[in-house]
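Working notes, structure below.
Numbered from 1 within each chain, the chains take letters A, B, ... in sequence-line order. Values in this document were obtained by computation on a predicted structure and should not be read as measured data.
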Protein chains: 2
Amino acid sequence: MAELSRATGVPVATIKYYLREGLLPRGEVTTSPNQAQYGEEHVRRLTLVRSLVEVGGLSIAAVRAVLGAIDDPAVPLHDTLGLTIDAADAPAPAVDDPLHAAAAERIDAIVAERGWRLSPDPPARRAAIDALATMHRVTGDRLAGLAPVYAEAAERIAEADLDTVTAVEAPETRVETALVGTVLGERLLAALRRLAQEHVSAQRFPPPPT
Amino acid sequence: MAELSRATGVPVATIKYYLREGLLPRGEVTTSPNQAQYGEEHVRRLTLVRSLVEVGGLSIAAVRAVLGAIDDPAVPLHDTLGLTIDAADAPAPAVDDPLHAAAAERIDAIVAERGWRLSPDPPARRAAIDALATMHRVTGDRLAGLAPVYAEAAERIAEADLDTVTAVEAPETRVETALVGTVLGERLLAALRRLAQEHVSAQRFPPPPT
DNA sequence: AGGAAGTGGACAGCGTCACTATCGGATAAC
DNA sequence: GTTATCCGATAGTGACGCTGTCCACTTCCT
């Protein structure tokens, strides 16, 4: 275990915690109940967990849910790709006010226009509606034009995501790739958006030359 | 205060907490030190705070930082737009390993190729590097092709963002619009990406007809 | 053979965060 | 004049993500 800690930079106490929480499989018991063997697979899994938690911002519970899904061979790739955001988001208390109804209509209109074929009421739809309704609550409909632009960008991105994932040969690493791509890709995208905003902003409001 | 609570649906105790934390300006003291007057402005501010915290997922400290910036007339719009992610992210401990160096090169290459002109070492650059380096650590360079695609999408999105913000006339609501657009837009984009992923995935791996 | 050092596991404790419950004195409403 | 409400301060709560301590056992070194 100390070796595992050294290899990954994760404190031993934290490794124990992850073992307790079921985020990391137990090592092979060798000769005695206080000596376990950890291998390459453990290093990879632990790295994955740390990445999801630290960079991806997932909670321990969300990570457990996601890992449970990717370890279950009965869950197909298609579902696994989605599980991430689904697991990370709260169960969505299903609010019911006029703003949400209007936002739902808008989202559904976008989905219909783009021809997206989806399962009935996926969690991400709920999340999109929440975000849109909240935008409306705060700013009126000043941000109304954004959603279609985002949807087009999202489709382009999703195609790149799927291209990348299907290009992975090994079925085991494929699921992992999908997971990391979804979770960390969100962070990367957000950061790039911010950089692009800064660029466009500087372009339109040129700073006074020093 | 009870009225403010009724108007926004936020518990009185929480309003008191926000007052304490400086997220909400005190009401006008009227006749006595135990009677305060809250107005329309308080309702809007409180709604904004709740939106950022609940839907946007910002911490109280991040909200305080952002609000402090938008209330300060010395901070120009250009900076305000960016403050959000900057304030929400941790101060970034500036790691220094080969993976980060390689990721930094890639990000800088993308920035250069797209012709983005940025301030030196903005926080979002750090965040992008972190995400990319972590992707690499976990999956090797299987996800290498994604970043340029994301960057192009990010630019398109940022242009829509800026279009929307500059279209807002009133300078006061403009900053608020920028803020909400940045924070909630990120959520909306993530949710739409997930929906698009589901669609593209279903398209490429058609589910067995029932 | 003997002692120091290391190992894995159980369990309790800690620090942070976002609230929430209680109290007390003062005022407003009737 | 009594009752109800209000505001502010302070302490407390529950969830989360670890972290510290202890213990029986084993391994290594001499």
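- Among the atoms of the strands shown, only primed sugar atoms or phosphate atoms (P, OP1, OP2) are found under 4.0 Å from some heavy atom of B/Arg50.
- Between A/Arg26 and C/dG8 there is no side-chain polar atom (N or O) within less than 4.0 angstrom of OP1 or OP2.
- A straight line from CG of A/Leu4 to P of C/dG6 spans 18 Å, rounded to a whole angstrom.
- Distance B/Leu19 CG to D/dC7 P: 10 Å, rounded to the nearest Å.
- Rounding to whole angstrom units, NZ of residue A/Lys16 and C1' of D/dT21 are separated by 10 Å.
- At whole-Å resolution of the value, CG in A/Leu52 and C1' in D/dG17 are 15 Å apart.
- Taking only side-chain nitrogens and oxygens, B/Thr14 never comes nearer than 4.0 Å to OP1 or OP2 of C/dA18.
- Under 3.5 Å, the side chains of B/Glu198 and A/Trp116 contain no donor-acceptor pair of N or O atoms.
- Using a 4.0 Å cut-off, some side-chain N or O of B/Tyr18 falls inside it from OP1 or OP2 of C/dC19.
- Atom OH in B/Tyr17 sits roughly 15 Å away from atom P in D/dA9 (whole-Å rounding).
- Within the 4.0 angstrom heavy-atom criterion, only backbone atoms of the sugar-phosphate kind lie near A/Val53; the bases stay farther away.
- If you take CD of B/Gln37 and P of D/dC7, they are 9 Å apart, rounded to a whole angstrom.
- Atom CG of A/Leu67 is separated from atom CG of A/Leu179 by 7.0 Å, given to the nearest 0.5 angstrom.
- Proximity of B/His100 to B/Arg126: side-chain heavy atoms (C-beta onward) are nowhere separated by under 4.5 Å.
- Of the candidates C/dT20, D/dT21, D/dC6, D/dC6 carries the atom nearest the B/Ala2 side chain, counting heavy atoms from C-beta on.
- Nucleotide C/dA21 holds its C1' atom 16 Å from the CD1 atom of B/Ile15, rounded to whole Å.
- When distances are taken from the side chain of A/Ala13 to each of D/dT19, C/dA10, D/dG8, the shortest belongs to D/dT19.
- Distance from the side chain of B/Ile60 is smallest to C/dA18 among C/dA18, C/dT20, D/dC18.
- Between B/Glu176 and B/Arg44, at least one side-chain N (NZ, or NE/NH1/NH2) sits under 4.0 Å from a carboxylate O, which counts as a salt bridge.
- The nearest heavy atom of DNA chain D to B/Met1 and to B/Arg20 marks one nucleotide each, and the one closer to the 5' end goes with B/Met1.
- We find that CD of A/Glu21 is positioned 9 Å from P of D/dG17, with the value rounded to whole Å.
- Using a 4.0 Å cut-off between charged nitrogen and carboxylate oxygen, A/Arg194 and B/Asp161 do not count as a salt-bridge pair.
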